Amino acid sequence: MDQIVIKGGRPLRGEITIGGAKNAALPLMAASLLTDETLTLANLPHLVDITTMVHLLGELGVDVSMAGDAPNGGHAGRVLNLTARDEQGFTAPYDLVRKMRASVLVLGPLLARRGEAKVSLPGGCAIGTRPVDIHLDALSQMGAELDLEAGYIHARAPKGLKGAHVVFPAVSVGATENLLMAAALAEGETQLANAAREPEIGDLAQCLNAMGAKIEGIGTDVLRIQGVDRLHGATYSVIPDRIETGTYAAAAAITGGDLVLKNTRLDFIDSVIDVLAKAGVSITEEEDGIRVKRANNQLTGIDVSTEPYPGFPTDMQAQIMALMCVADGASLITETIFENRFMHVPELSRMGADITVHGSSAMVRGVPRLHGAELMATDLRASVSLVLAGLAAEGETRVNRVYHLDRGYERVEEKLAACGASIRRAEAQPAA
Ligand code: EPZ
């Protein structure tokens with residue numbers, strides 16, 4: 001297994017190009033199941049999770065091909081054609097679903113288009129049990145017959161799905177996405193109240209409308225969908241990744257550097273900008289992207305609580321915690337979305353961070369410097385918070401199990417090395 005080796009203490013300077021949003025690309029790819037025509041998706045990131053979704057869709061009879069080369073060579077920003085030619089299959093197998101929880105996003109489209117879906121229960125992951133009860137309750141309100149057998153959800157809608165007025169009991173990104181796709185082909189009108197409002201959901205709704213769906217209320221917490229008989233193909237470009245944007249902004253801040261982030265936007269990370277500005281980070285719009293640097297030479301500790309969009313995103317919690325480890329003063333960081341998303345705390349503590357966890361809150365007391373250490377990545381965002389800490393730490397940091405990182409960050413060591421970081425990928429050392 002690979003590891004990332006970092007020699008810290010170098011301020012990052014230069015430009016980083018932000019990729020397409022992983023959490024928009026995955027549901028958009030699942031939407032290809034809703035039509036037998038070709039869905040062309042552009043600006044796709046080259047990530048392990050995207051490859052996993054390609055494999056899963058392949059199992060479900062979707063032909064996936066690259067349409068020409070990626071604009072910048074390699075694979076970054078590539079264009080894929082997805083065509084659901086063979087519409088017989090309806091099973092998403094455990095060995096793929098266990099690798100990527102977002103596989104559950106094929107449930108809604110399969111049920112809507114093929115009338116049947118057999119999807120392995122995703123199982124938990126490092127950050128929590130990750131149930132899908134909200135998805136299932138809402139689909140059953142649309143007439144789906146659901147059986148749980150041998151770890152699989154077996155859903156049927158032999159007479160098609162019927163529009164319903166669904167009120168989600170809690171805000172769920174995935175459930176909102178599954179129900180949007182299911183409702184697009186249902187009979188009659190569906191209303192989704194207490195819907196999640198993440199920009200990735202707006203991206204999915206815009207793409208579905210480009211495919212002929214009739215969705216209103218995009219960007220609000222009440223979505224109204226008029227079901228149609230069929231959807232057609234479309235060409236759609238994925239929005240930039242707001243979490244990758246926030247992550248590299250934190251990298252500039254923690255190293256005292258000065259970065260320009262290209263191919264991204266400010267308007268969908270207001271809550272992150274607000275928190276970083278309070279911590280003493282200057283973020284300004286430039287003609288070709290956004291510029292991030294420290295406003296002065298000291299970061300200030302601030303309190304942060306994760307919330308559903310437009311609040312501070314849970315996917316940025318680990319990264320802001322790494323930043324607060326070297327800020328002046330204390331920060332109370334509260335995680336309200338997932339029940340176990342502090343796996344980075346013991347690893348940061350091994351670098352000399354001063355963090356005390358009380359239930360869903362962590363009290364971070366800033367220290368003058370972190371010290372490099374051998375660390376273990378546990379989940380996607382925890383991994384990158386350890387890389388950020390390593391960039392600022394004195395000495396050498398080795399982050400193991402970087403396969404977590406590769407699920408959500410494209411060529412992270414190349415992008416950081418190009419801005420002056422001493423960072424490389426290496427074979428993990430055999431345990432001494
Ligand atoms: C999406 O996960 C993202 N993944 C996550 O990003 C992100 O952290 C999360 O939304 C919150 O923003 C993708 O988009 C592929 P939820 P999702 O349903 O849809 C509970 C990353 O790092 N819940 O909004 O699974 C759930 O356990 C990943 O890129 C139920 O109880 O999140 C959690 O506590 C990590 N029952 C909360 O709701 C359900 O049926 C929010 O989950 C569904 C969810």
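Please read all numbers here as calculations on a predicted model, not as lab measurements. As the structure lists them, so they are numbered: ligands from 1, and atoms in each ligand from 1. When a residue number appears, it is its place in the shown sequence, counting from 1.
- Rounding to the nearest 0.5 angstrom, the gap separating the CG atom in L39 from the CG atom in L28 is 7.5 Å.
- Judged by distance alone, the side chains of Q3 and R398 do bring a donor and an acceptor atom under 3.5 Å apart.
- Heavy-atom contacts of R101 reach the following atoms of ligand 1: 25 (O) (cutoff under 4.0 Å).
- Here's the thing with L26: none of its N/O atoms is less than 3.5 angstrom from an N/O atom of ligand 1.
- Residue-level proximity to ligand 1 for L380 is carried by the side chain, the only part with a heavy atom below 4.0 angstrom.
- With sequence neighbours excluded, the residues forming a salt bridge (Lys or Arg N to Asp or Glu O under 4.0 Å) with E414 are R411, listed by chain and number.
- With ligand atoms numbered from 1 in the order given, ligand 1 contributes 8 (O), 22 (O), 35 (C) to contacts under 4.0 Å with heavy atoms of R341.
- Of all atoms in ligand 1, numbered sequentially from 1 with element shown, those under 4.0 Å from a heavy atom of A102 are 15 (C).
- Taking distance alone, with nitrogen or oxygen atoms compared against 3.5 Å, N23 approaches ligand 1 more closely than that limit.
- Relative to atom 24 (O) of ligand 1, the option among V132, V173, V384, V171 with the closest non-hydrogen atom is V173.
- Contact annotation: for I243 versus ligand 1, there are no heavy atoms closer than 4.0 Å.
- Contact annotation: for E177 versus ligand 1, there are no heavy atoms closer than 4.0 Å.
- Between Y248 and Y409, the ring planes lie perpendicular to each other; the angle is over 60°, past the 30° to 60° tilted range.
- By the salt bridge (Lys or Arg N to Asp or Glu O under 4.0 Å) test, E198 is found to be paired with no residue, residues two or more places apart in sequence or in another chain being considered.
- Taking the charged nitrogens against the carboxylate oxygens, E200 and R242 do have a contact shorter than 4.0 Å, which makes a salt bridge.
- Checked for salt-bridge contact, R341 and D315 meet the test: a charged N lies under 4.0 Å from a carboxylate O.
- Inclusion of G174 in the set of residues having an N or O under 3.5 Å from an N or O of ligand 1 is warranted.
- Within the cation-pi definition used here (under 6.0 Å to the ring centroid, within 45° of the axis), K118 does not qualify as a partner of F90.
- Residue contacts with ligand 1 include P131, since one of its heavy atoms falls under 4.0 Å from the ligand.
- Annotation for ligand 1: atoms under 4.0 Å from non-hydrogen atoms of D315 are 5 (C), 6 (O), 7 (C), 8 (O), 21 (C), 22 (O), 28 (C), 29 (O), 35 (C).
- At distances below 3.5 Å, not a single donor-acceptor pair connects side-chain atoms of T83 with backbone N or O atoms of R85.
- In this structure, N178 contributes its side chain and V104 its backbone to a donor-acceptor pair below 3.5 Å.
- Close approach of ligand 1 to K22 (heavy-atom distance below 4.0 Å) involves ligand atoms 21 (C), 29 (O).
- With a heavy-atom cut-off of 4.0 Å, H135 touches ligand 1 through backbone and side chain alike.
- Within the 4.0 Å heavy-atom criterion, the part of T314 lying near ligand 1 is the side chain and not the backbone.
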